[in-house]
Amino acid sequence: MCGRYLLSYDLEDLIKILEERWNIRQPNIDYYEPSYNIAPGQKIIALYKENNEVAAGSFRWGIEPSWSKNKSRLLINARSETVEEKSTFRDSYSNRRCLILTNGFYEWKRNGGKTPYYITLNEAGLFSYAGLWDYYNDNGIMKKACSILTMESNGSMSKIHNRMPVILNASQEKIWLSENYKDQDLLNPMDSSLLHIHEVSSYVNKWSNNSKKCIEPVVNEQISF
DNA sequence: CCAGACGTTGTT
DNA sequence: GTCTGG
DNA sequence: CCAGACGTTGTT
DNA sequence: GTCTGG
């Protein structure tokens, strides 16, 4: 699963990357703070198609279906295996795919307790998760929310957790956002040998802890006699 | 037809 | 809203 | 995802 | 345990 991640670039650097890599000149970002600890419900940045152009926009992390009575139960993930058939996601899958910008995520390994790990893509810097978006009604104002697709973990990721986010490479990103995307087998693309993983401290557990300390490696102390 | 679920994860 | 189950 | 709350009434 | 909030 993917329930906590980061996007820690300064706004200036992020805007530069958006222009160089996506030719986005006027990102429609109404709120951004660099974060080492993005939690469900927060404002995040994603790329989506608007007027047939790739645009950057602000989204809430967590889709809330229009019929939902329990407004606080956000759908932060969507299973890639079933996204085409589930009524909650099917329309978004057809018409509202997005790329959720990131430079790494966290996963907790259950082992009696829970140990957090920081996972990133080797040398890639900024990358993205395949996502879906939909509108939600915020006191009469329609706003955008999104979910991160998940897939079965493979390789070293499966030692930590059985699920991982769907990560797309540059060419897959373009296909994912294209209007004529059909089922091009993009939902299970990541070879986790490309991922770099290291243990971090439980400092990251608390969402309000938002600093570089979240991603600092923990070296397990050897107990010597 | 109406009633009830509709999502994911982890844990049990 | 839309689908499934009875 | 994890952390933290989880209840009511009356009085200040 | 289960729900809410970030």
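Reminder, nothing fancy here: chain letters follow the sequence lines and each chain counts from 1.
By the 4.5 Å side-chain criterion applied to Ile, Leu, Val, Met, Phe, Trp and Tyr, A:Y36 is assigned to a cluster that also includes A:L6, A:Y106, A:W108, A:Y118, A:V200, A:V204, A:I215.
Taking every heavy atom of residues 30-49 of chain A and every atom of DNA chain E, pairs under 4.0 Å involve A:A39, A:P40, by number.
Residue A:R90 is classed as a sugar-phosphate contact, given heavy-atom separations below 4.0 Å to backbone atoms only.
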Exercise for the section: Report the C-alpha distance between A:E173 and A:W22 in whole Å, list the side-chain angles of each, state the deciding distance to 0.1 Å, and finish with yes or no for side chain to side chain contact (heavy atoms under 4.5 Å, CB included). Expected result: CA-CA 10 Å; A:E173 287 175 333; A:W22 290 98; 3.1 Å; yes

Problem - Criterion side chain to side chain contact (heavy atoms under 4.5 Å, CB included) on A:K109 and A:Y117, from CA distance to verdict - result: CA-CA 8 Å; A:K109 179 176 179 170; A:Y117 288 83; 3.6 Å; yes

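On the nucleic acid side, DNA chain C contacts chain A at distances under 4.0 Å to non-hydrogen atoms, with the end points of that region at C:dG1 to C:dC3.
A pairwise comparison of heavy atoms in A:V54 and A:I24 identifies O-CG1, 3.6 Å as the closest pair. Of all the heavy atoms in A:G3 and A:P40, the pair that sits closest is O-CD, 3.3 Å.
To the nearest whole angstrom, the two P atoms, one in E:dC3 and one in B:dC6, are 15 Å apart. Between E:dG5 and B:dT8, the two P atoms lie 23 Å apart (nearest whole Å). Between the C1' atoms of E:dG6 and D:dG7, the separation comes to 24 Å (whole Å). Comparing the P positions of B:dT9 and D:dC2 gives a spacing of 13 Å, expressed to the nearest Å. On the P atoms, D:dC1 is 8 Å away from B:dT11, given to the nearest whole Å.
Under a 4.0 Å N-O distance rule, the pair A:R90/A:E85 does not qualify as a salt bridge.
The distance from atom CZ of A:R4 to atom P of D:dC2 is 7 Å, rounded to the nearest whole Å.
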Completion exercise
B/S/- along nucleotides 4-9 of chain B (protein heavy atoms under 4.0 Å) is --BBSS

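Remark: DNA chain D forms stems of 3 or more consecutive Watson-Crick or G-U wobble pairs, all pair distances under 3.5 Å, at D:1-6 with E:1-6.
More than 12 heavy atoms of other shown residues, nucleotides or ligands fall within 6.0 angstrom of atom CD in A:E179.
For the residue pair A:R163 and A:T150, a side-chain donor N or O sits within less than 3.5 Å of a side-chain acceptor on the partner. Checked by atom type, the side-chain pair A:S171/A:N169 shows a donor-acceptor distance below 3.5 Å.
Atoms CD and CG, from A:E53 and A:L177 in turn, are 12.0 Å apart once rounded to the nearest 0.5 Å.
The side-chain contact (heavy atoms from CB on, under 4.5 Å) search around A:Y135 returns A:W133, A:M142, A:K144, not counting sequence neighbours.
Side-chain contact check for A:L132 versus A:L149: some heavy-atom pair is nearer than 4.5 Å.
Although no hydrogens or angles enter the test, the distance criterion places no donor-acceptor pair under 3.5 Å between the side chain of A:T102 and the main chain of A:F127.
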